[in-house]
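A short write-up of the structure that comes next.
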Amino acid sequence: MSVTSTMDVSSAYEGYQADFTHLQDGLNAAGTPPSLKLLRQTAMERFRRLGFPTTRMEDWRFTNVAPIANRPYALGALTEVAADEILPFLIPELPGALLVFVNGRFSASLSDTDGLPSGVEVQSLSDALATGLDTVEPYLIRFESEGEQPFSSLNTAFLQDGAVVRVGDGVVLRDPVHVIFVSTAPGEAVVTHPRVLLLAGDNSQVSVIESYAGLRDAGYFTNAVTQIDAGAGSVVNHCKILRESLQSYHVAGVQARLARSAVVTSNSITLGGALVRNDIGVVLEGEGAECTLNGLYLAGWKQHIDNHTTIDHASPHCASHELYKGILDGDGRAVFNGKIIVRLDAQKTDAKQSNKALLLSELAQVNTKPQLEIFADDVKCTHGATVGQLDEDALFYLRARGLGREEARRILIQAFATDVLNRIRHKPIQVELGRTLLDRLPTISAGETT
Amino acid sequence: MLEITGLRASVGGKEILRGVDLSVKAGEVHAIMGPNGSGKSTLAGILAGRAEYDVTSGTVRYQNENLLEMEPEDRARAGVFLAFQYPVEIAGVNNAYLLKAALNEVRKHRGEPELDAIDFMTLVKKQLAVLEMSPELLGRPVNDGFSGGEKKRNEIFQMAVLEPKLAILDETDSGLDIDALKVVANGVNALRSSDRSTIVVTHYQRMLNYIVPDFVHVLSGGRIVKSGGKELALELEAKGYGWINAAPQEVRA
């Protein structure tokens, strides 16, 4: 790293420190509980100690966060947004509660949590921190005490708002909860640090859609953390949808812990963002737990999409299924790193991982790496990665049936993606994302010369 | 309908077709037979517009147009249909979706209005019955998970729906049991009319018992070395291809 950029980074630290002090002062005035203040301070200190990751670190080898580190951001604030401005990012015909956040702050007027059954709590984190700190604090503290992820610590340092979805033991919430974070585009670049807590009791069932969108083409930085706690026998569905602006940065950590026989499905669909890093970590803590990770991303001109997943088989008889697919065009870059750890006593583990990338241009580039660390001896682990172009035989077949070249290409690209979209539980989301995908396809290759 | 003159073509620098002449008139069924490697599939592929073949000389005129200058999709829209020897599996693309899109492309070309879902299904169900195919196949991805026989049947089913002017069947009989062969032949025969032509490319005479050709040509070493009536196919079946190679001759179809 050059001297200049090092100076920029330190000025970014100063920026965050100034924001942090400001935040602490503001919240102190409102009477911040000492434990929360301590949590934020500890996290800020850890962030300062860890620093922004560099490409010298194995986990960040292919993803350079200098564009984020070198740029000063102002902490996001709630601004007035008309209801019809967020309309394009809602999912038509999707039932269930809606939580809307504008620039990271909860907007009660745009949200709708009416009609939730008893045993289900859906609220903003700011409300939870103010009125029921003891119910969320253990999860927040536990998260901060684990791992050494600078961006996650930064998120904790600025912990202020987000969503809490809590479903009691044995409660089945049929309709999904849609949590949507929109960033507006004021004059200055804004950073938000949203936190989502998805707490599913034993034998409960819940589905949360977490989506991020930029209202206008703007440079902003989203630094999100999601914690999923799946109780014994629970069935949890998590769907993360990125429709961020093509000038924005998104770094996110999703951490899921599964108790005995819990079943968690994660869908991660990235259809926007200039620089995106998704870290998904799943710990199969209880015997017989099962997780499914599905991912789809589009990476076009000037986009860099990085998906890191870690599945930790910590108990016997657990299963994991993973399918990630990417479509790259223009000079798009992508990274897929899929780590599977099978602990010594995690016998009878069944882990499958598949990663496929479709390269539509010669400039596009993907770095894909499966990482298997297996310490048990009676396990089934399979992984496969393919990187390829559109199938010429299939293209010719479609054209020989009268479909034009562009149409044939579009159909094949869509088919590649539909495979992942169709695994999302809610049909309205499949339909809406299929539509968004089609809209985005011509733009991801915009500027293409071939 | 189709006029091939002095067609020479190579793939990867190797010459496969070495001067093919063939004239197919409306209403005729021509069988092209020949040993493996004689250039049968190359000829079929060139007619459909496969890009991997280099045509080095000769002309192909289809309905008085230069066929070789047309894109594959334009050929299809103008009524050329290739039943693939190896139908391609396309996961994620619904069979009915492809067929409806294909049919509407053809209809647009003919100046006919596009079919809506209901009219399309009415048409399709009729042809499904002719080919004794399960309607369930429509909802499945194109050829994905189909048996060999189902794939071939699906090709002829597509052909029946698209009603091409010039159908080219590339080894459609291979991999079919006798019952499936009869069903496929029925589908092909149902389309026979005075304004359509069919080219049946096959290694064996078997299918020609059911799709009776007007002319039989033997392609060998990249040339048509012998032409005759349907009895030529029986002769080839009885004697094999060896006697033909021994005495190549210039023939005009």
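In what follows, chains are A, B, ... by sequence order, proteins preceding strands, each numbered from 1.
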| query | Under 3.5 Å, side chain of B/E73 to main-chain N/O of A/R405, donor-acceptor pair present? | reply | yes

| message | Could you measure the distance from the CZ atom of A/R401 to the CE atom of B/M159? Nearest 0.5 Å is fine. | response | 10.0 Å

| request: Enter the distance from A/Y397:OH to B/Q158:CD here, rounded to the nearest 0.5 Å. | output: 3.5 Å

| query | Considering only heavy atoms from C-beta outward, does the side chain of A/L398 approach that of B/I90 to under 4.5 Å? | reply | yes

| By a 4.5 Å heavy-atom criterion (distance strictly below it), what part of B/Y86 contacts chain A: side chain, backbone, both, or neither? | neither

| query | So what's closer than 4.5 Å to chain A heavy atoms on B/D74: side chain, backbone, both or neither? | reply | neither

When [options] are compared by non-hydrogen pairs under 4.5 Å with chain A, the top option:
options	value
B/L82, B/L99, B/V88	B/V88
B/R75, B/E89, B/E71	B/E71
B/A76, B/P141, B/P72, B/A48	B/P72

| note | For B/V93 and A/A415 the tightest heavy-atom approach is CG2-CB, 3.6 Å

Within a radius of less than 6.0 Å around [atom1] of [X], do more than 12 heavy atoms belonging to other residues, nucleotides or ligands occur?
X	atom1	result
A/K325	NZ	yes
A/E362	CD	no
B/I118	CD1	no
B/N64	CG	no
A/E93	CD	no

| said: For A/D393 and B/R50: C-alpha separation, side-chain torsions, deciding distance, then whether side-chain contact (heavy atoms from CB on, under 4.5 Å) applies. | reply: CA-CA 9 Å; A/D393 285 336; B/R50 262 198 200 281; 3.8 Å; yes

